[in-house]
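A quick write-up on the structure given underneath.
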There are 2 protein chains.
Amino acid sequence: MTKPRPEPAGREARLSRASAGRFSLYLRHLERFEQEGLTTVSSSQLGEALGITHAQVRKDLANLGHLGQPGIGYPTHELIWALRRRFGIDREWAVVVVGVGNLARALLRYRGFRDQGFRFAALFDADTRKVGQRAEGLEIMAMERLGEIVRSTGANLGLVTVPAEAAQTVADALVAAGVRGILNFAPIVLRLPAEVSLVNVDLAIQLEQLAFLVHLAGK
Amino acid sequence: MTKPRPEPAGREARLSRASAGRFSLYLRHLERFEQEGLTTVSSSQLGEALGITHAQVRKDLANLGHLGQPGIGYPTHELIWALRRRFGIDREWAVVVVGVGNLARALLRYRGFRDQGFRFAALFDADTRKVGQRAEGLEIMAMERLGEIVRSTGANLGLVTVPAEAAQTVADALVAAGVRGILNFAPIVLRLPAEVSLVNVDLAIQLEQLAFLVHLAGK
DNA sequence: GGATGTGAACGACTTCACAGCG
DNA sequence: CGCTGTGAAGTCGTTCACATCC
């Protein structure tokens, strides 16, 4: 049974889910600012970049401690590292991908994952014709080896890009293998133990969402 | 300049954005329930399926008028159609796709789009080697023809799956061609006129998000 | 002056709890 | 009795406004 908000909380000062959801955006823009040579950035600059208010930015960043200097702004480099620490991407994440279709291939190609501390450790597919082939430099493994390989590589995240019918089974296997988080692209509600984190991305729903917004706007 | 909440509102009884965001989930589960032969469904059943409380379900569905019957529940079929009407998928949406990579191919393959009233009208790519090839039964067109074809097909939604550098240019072209909504997969903040709706899907961020949740959970 | 940090006001969403109907 | 619809309360997130500091 999945409670609406399982979400176990960390120790540090309470951090809202909404604010957490913007952290990777801050990071991305800060990295750009740093590359452009800005040693310091203001809440207004960040707000402009993310499309939110400066007050919001300050509230979010207050979670990281008092990094800002009145009259000046935030030191870009320090802020980036404070975010990374808080974020957990100062360590490395090993990711396994289950279901090697077009979507998985698109994700494997995404540049920037490696920079952000993500490493693809292994690929799996139930289709025996795909097993043994390579995708983006990694060999595709048979599903039977999932448990073994997740354990031996110490993978902690699983990416599920299989059809809806197979998703729960795959998720169960990943959990059994000891994965700590699952990124699910299948259009179903996965049932997971509370200690395993879950992020859902439902592409079909996004398009429906858009149609809905247009529908509402067009009156 | 993009205000945090441009969102022009519809006429009917005010509908919260959060509740709107669940509509496609309701629809999906209701269709499943109907297939399973349930002519009637309760707020608890729906809540269980979506992972939210029954009170929440009733609040959401109250927007559609008084469809529920105390002691009984909601008539499945009527509810589905009430949702569809409210949703705008009782009409057809023509979608053009710009940037035919793996991600676009994955989306083109998504079953269910057609059932939900979406039709892929045309594909475009800047890569001249791809132009003329076919993907999922549609010919890939040169970017130059975008305006012309959007207009002739009456396409109202655009799906942007190009690299970040090209995304704003593509979006501008789509807007100029008269598209009413854009589903953007590029990891940048698009600047659009307020009358064009926008939904962003940033896949890289979802993985970071997951890492973050795991990080927080693991204390 | 320009920018941060933050209490207080505000607004949005969710849950509670219960009246009322079938 | 079961289940809906809905005010009221509660929770969460955002914006305002201003004291404070460089």
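Numbered from 1 within each chain, the chains take letters A, B, ... in sequence-line order. What you see below is based on every heavy atom in this structure, not just the backbone, and it leaves out hydrogens, waters and symmetry mates.
Side-chain N or O atoms of A:Asn184 include none that pairs as donor or acceptor with a backbone N or O of A:Asn200 at under 3.5 Å. Checked by atom type and distance alone, the side chain of A:Arg86 pairs as donor or acceptor with a backbone atom of A:Asn63 at under 3.5 Å. Side-chain N or O atoms of B:Thr161 include one that pairs as donor or acceptor with a backbone N or O of B:Gly99 at under 3.5 Å. With hydrogens and angles ignored, the 3.5 Å screen pairs a side-chain donor or acceptor of A:Thr76 with a backbone N or O of A:Leu38.
The listed nucleotides are D:dT15, D:dT6, C:dC13; the one nearest the side chain of B:Ala62 is D:dT6. Residue B:Lys59 places its side chain closer to D:dG7 than to any other of D:dG13, D:dG7, D:dA17. With distances taken from any side-chain atom of A:Ser42 to the nucleotides C:dC16, C:dT4, D:dG13, the minimum falls on C:dT4.
Ion pair B:Arg105/B:Glu136 not flagged as a salt bridge, since none of the NZ, NE, NH1 or NH2 atoms sits closer than 4.0 Å to an Asp/Glu carboxylate oxygen.
Residue B:Glu36 places its CD atom among more than 12 non-hydrogen atoms of other residues, nucleotides or ligands, all under 6.0 Å distant. For B:Arg32, the CZ atom is densely surrounded, since the number of other residues' heavy atoms within 6.0 Å is greater than 12.
Rounding to whole angstrom units, CG of residue B:Leu15 and P of C:dA12 are separated by 13 Å. The distance between atom CG of A:Leu61 and atom P of C:dT4, rounded to the nearest whole Å, is 9 Å. B:Arg58 has its CZ atom 13 Å from the C1' atom of D:dG7, to the nearest Å. The NE2-C1' distance, from B:His54 to C:dT15, rounds to 9 Å in whole Å. Going from atom CG of A:Asp60 over to atom P of C:dT6 covers 14 Å, rounded to whole Å. Between the CG atom of A:Leu46 and the P atom of C:dG5 there is a distance of 12 Å, rounded to whole Å. The CG-P distance, from B:Asn63 to C:dA12, rounds to 14 Å in whole Å. Summarising the geometry, the separation between CG on A:Leu38 and P on C:dA3 is reported as 13 Å, rounded to the nearest angstrom.
With hydrogens and angles left out, the side-chain atoms of A:Gln206 and A:Asp202 include no donor and acceptor closer than 3.5 Å.
In this view, B:Glu78 satisfies the side-chain hydrogen bond (donor to acceptor under 3.5 Å, both in side chains) rule with no residue, not counting sequence neighbours.
Among the protein residues, A:His66 comes within range of the sugar-phosphate backbone only, with heavy atoms under 4.0 Å from sugar or phosphate atoms but none that close to a base. In this structure, B:Ser43 reaches the sugar-phosphate backbone alone: every heavy-atom distance under 4.0 Å involves primed, P, OP1 or OP2 atoms, never a base.
Regarding contacts with the backbone of D:dG5, a side-chain N or O of B:Tyr74 is found under 4.0 angstrom from either OP1 or OP2. Look at A:Arg17 and you won't find any side-chain N or O under 4.0 angstrom from OP1 or OP2 of C:dC13.
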Tabulated below should be each protein N or O lying under 3.5 Å from an N or O of nucleotides 19-22 of chain D; please produce it.
from   : atom 1 : to      : atom 2 : distance (Å)
D:dC22 : O4'    : A:Pro70 : O      : 3.2

**Report entry** Criterion side-chain contact (heavy atoms from CB on, under 4.5 Å) on A:Leu159 and A:Phe185, from CA distance to verdict
**Finding:** CA-CA 8 Å; A:Leu159 218 145; A:Phe185 288 86; 3.7 Å; yes
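Across the helix from C:dG1-D:dC22 to C:dG22-D:dC1, the helix axis at one end is tilted relative to the axis at the other end by 0° (nearest 10 degrees, each axis from five pairs).
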